[in-house]
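Here is how names work: the chains are called A, B, and so on, in the same order as the sequence lines, proteins then strands, and each is numbered from 1.
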Amino acid sequence: MSYTKPPFTIPEQSLAFFTCLPLGRQAQTEAADEPTTAQAWAPFINEQLAAWTLNPGQFADDDVVPPNAATIACASATAISLRDQGAPAPTRIVPTGDGGIAFQYDSDPEFISIEVEPEGRVELLVFVNGRLTHRAEL
Amino acid sequence: MDELAAESPIADDEFLYRRVPASQNWVTPDAKTVDPLAFRPRESDSTGLSLARALYESAQQSATRGSIGRQFYIAVLSVRRMRAAGVEITPRPLESHPGHVEVAELTFENRRTDRSRELVQCLRDCVIAIEGPFDGHATRD
């Protein structure tokens with residue numbers, strides 16, 4: 001199946017949430033001895049998501065729905081869009097268990113998740129101390 | 001059904017298990033933290049998020065309910081912490097699984113609601129240990 005989400009623009013309001021994270025501040029200042037935003041994203045885009053593309057069935061397991069090739073392609077496009085707009089690289093990228101893929105920024109007390117759903121929807125969720133404080137479709 | 005299990009109330013000082021497939025990378029390599037996604041209801045959690053009472057089985061025994069050829073971590077949750085956070089736990093003993101309980105408020109169908117998203121975050125904070133990984137032993141149809 002061939003499916004790619006075209007590059008999209010993340011609203012300024014949504015990008016602003018990343019500045020509250022230590023990683024976000026780092027990406028904005030980009031000190032000489034710190035990896036650039038592009039370098040920080042590279043392992044996720046060039047290695048992790050690329051490997052998933054080659055083997056989309058690797059997450060099949062008990063009672064979980066693995067992301068399919070279309071969802072992985074959508075996640076790759078989302079990662080490139082985030083990188084190109086200066087968003088910091090996530091803490092991790094994981095399957096959601098119900099066919100989606102989550103980009104997670106785990107920086108207690110903030111927890112930000114960008115979820116690529118199998119239907120092609122991309123959603124931003126911001127939690128502070130476990131409370132959902134912002135939710136928006138990107 | 002095990003009548004004793006059905007009638008046995010869940011005490012505050014009990015612990016509950018959630019089986020977490022190792023393949024999903026939801027547990028960090030040092031097995032110290034678990035991703036909130038481990039508590040997102042799966043398709044089989046149609047009437048509530050399934051958990052197991054530690055009173056009735058060991059973590060390793062709980063993992064054996066997973067499929068053969070797969071590995072599973074067991075996230076150990078504190079009932080006291082869950083209740084303090086306002087999470088209700090309902091005993092749902094099964095013939096083959098007397099220690100089965102559910103968080104009825106959290107189902108596969110409502111997994112994407114705001115409340116469910118917060119509950120999933122909350123459950124991660126109720127984890128006091130992660131054990132495993134252990135091998136699954138169950139054969140599926």
Side-chain angles (χ1 to χ4, degrees), chain A residues 43-44 47-49 51-52 55-67 71-72 75 90-119 121-137, chain B residues 18-29 33-46 49-50 63-73 81 85-87 107-126 133 135-140:
Chain A
F44 293 107
E47 295 169 27
Q48 186 176 349
L49 289 169
W52 291 11
N55 184 13
Q58 67 183 288
F59 297 109
D61 208 320
D62 270 16
D63 214 17
V64 298
V65 178
T71 306
I72 296 168
T91 312
R92 57 185 165 269
I93 300 179
V94 286
T96 61
D98 57 358
I101 293 172
F103 298 63
Q104 297 180 336
Y105 301 79
D106 198 347
S107 180
D108 193 41
E110 287 97 5
F111 184 93
I112 297 178
S113 183
I114 294 174
E115 293 195 8
V116 179
E117 294 177 1
E119 301 84 5
R121 213 161 68 114
V122 181
E123 198 172 31
L124 168 72
L125 300 115
V126 180
F127 299 87
V128 180
N129 288 319
R131 290 272 168 210
L132 182 61
T133 58
H134 182 81
R135 184 174 187 172
E137 192 166 341
Chain B
R18 174 70 174 171
R19 199 172 65 243
V20 183
S23 63
Q24 306 302 299
N25 300 325
W26 289 334
V27 173
T28 51
T33 59
V34 62
D35 196 287
L37 288 165
F39 304 103
R40 176 176 291 188
R42 305 199 273 265
E43 216 159 348
S44 62
D45 297 314
S46 56
L49 185 80
S50 282
T64 62
R65 296 178 190 284
S67 284
I68 195 162
R70 303 285 179 185
Q71 285 206 307
F72 301 88
Y73 287 96
R81 283 196 198 181
V87 180
T107 66
F108 180 72
E109 195 175 349
N110 74 12
R111 70 193 185 283
R112 289 179 181 169
T113 64
D114 290 359
R115 172 65 181 154
S116 291
R117 302 268 191 183
E118 288 185 347
L119 266 176
V120 160
Q121 294 282 327
C122 167
L123 287 174
R124 179 172 77 157
D125 293 336
C126 297
D135 292 331
H137 288 182
T139 50
R140 307 284 183 218

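- Of the charged side-chain nitrogens involved, none lies within less than 4.0 Å of a carboxylate oxygen, so that A/Glu115 and B/Arg112 do not count as a salt-bridged pair.
- With chain A as partner, the option from B/Arg42, B/Arg117, B/Arg111, B/Arg124 having the largest number of non-hydrogen pairs under 4.5 angstrom is B/Arg117.
- Shown here for A/Pro95 and B/Leu37, the closest heavy-atom pair between the two residues is O-CD1, 3.6 Å.
- Heavy atoms of A/Phe127 lying under 4.5 Å from chain B belong exclusively to its side chain.
- Between the side chain of B/Glu118 and the main chain of A/Arg131, no donor-acceptor pair closer than 3.5 Å is present.
- The contact between B/Pro36 and chain A is made entirely by side chain atoms (from C-beta outward), counting heavy-atom distances below 4.5 Å.
- Side-chain atoms of B/Asp35 and A/Gln104 include a donor-acceptor pair closer than 3.5 Å.
- When all heavy atoms of A/Asp62 and B/Arg65 are compared, the pair lying nearest together is OD2-O, 4.5 Å.
- Between chain B and the residues A/Val64, A/Val65, A/Asn129, the most heavy-atom pairs under 4.5 angstrom are made by A/Val64.
- How far CG of A/Asp63 is from OG of B/Ser50: 9.0 Å, rounded to the nearest 0.5 Å.
- Under a 3.5 Å cut-off, the side chain of B/Gln24 and the backbone N or O of A/Val94 do not form any donor-acceptor pair.
- The choice from A/Gln58, A/Glu123, A/Glu117 that makes the most heavy-atom pairs within less than 4.5 Å of chain B is A/Glu117.
- The contact between A/Arg135 and chain B is made entirely by side chain atoms (from C-beta outward), counting heavy-atom distances below 4.5 Å.
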>> Test side chain to side chain contact (heavy atoms under 4.5 Å, CB included) on B/Trp26 and A/Thr96; report intermediate values, then the result.
In response: CA-CA 9 Å; B/Trp26 289 334; A/Thr96 61; 5.8 Å; no
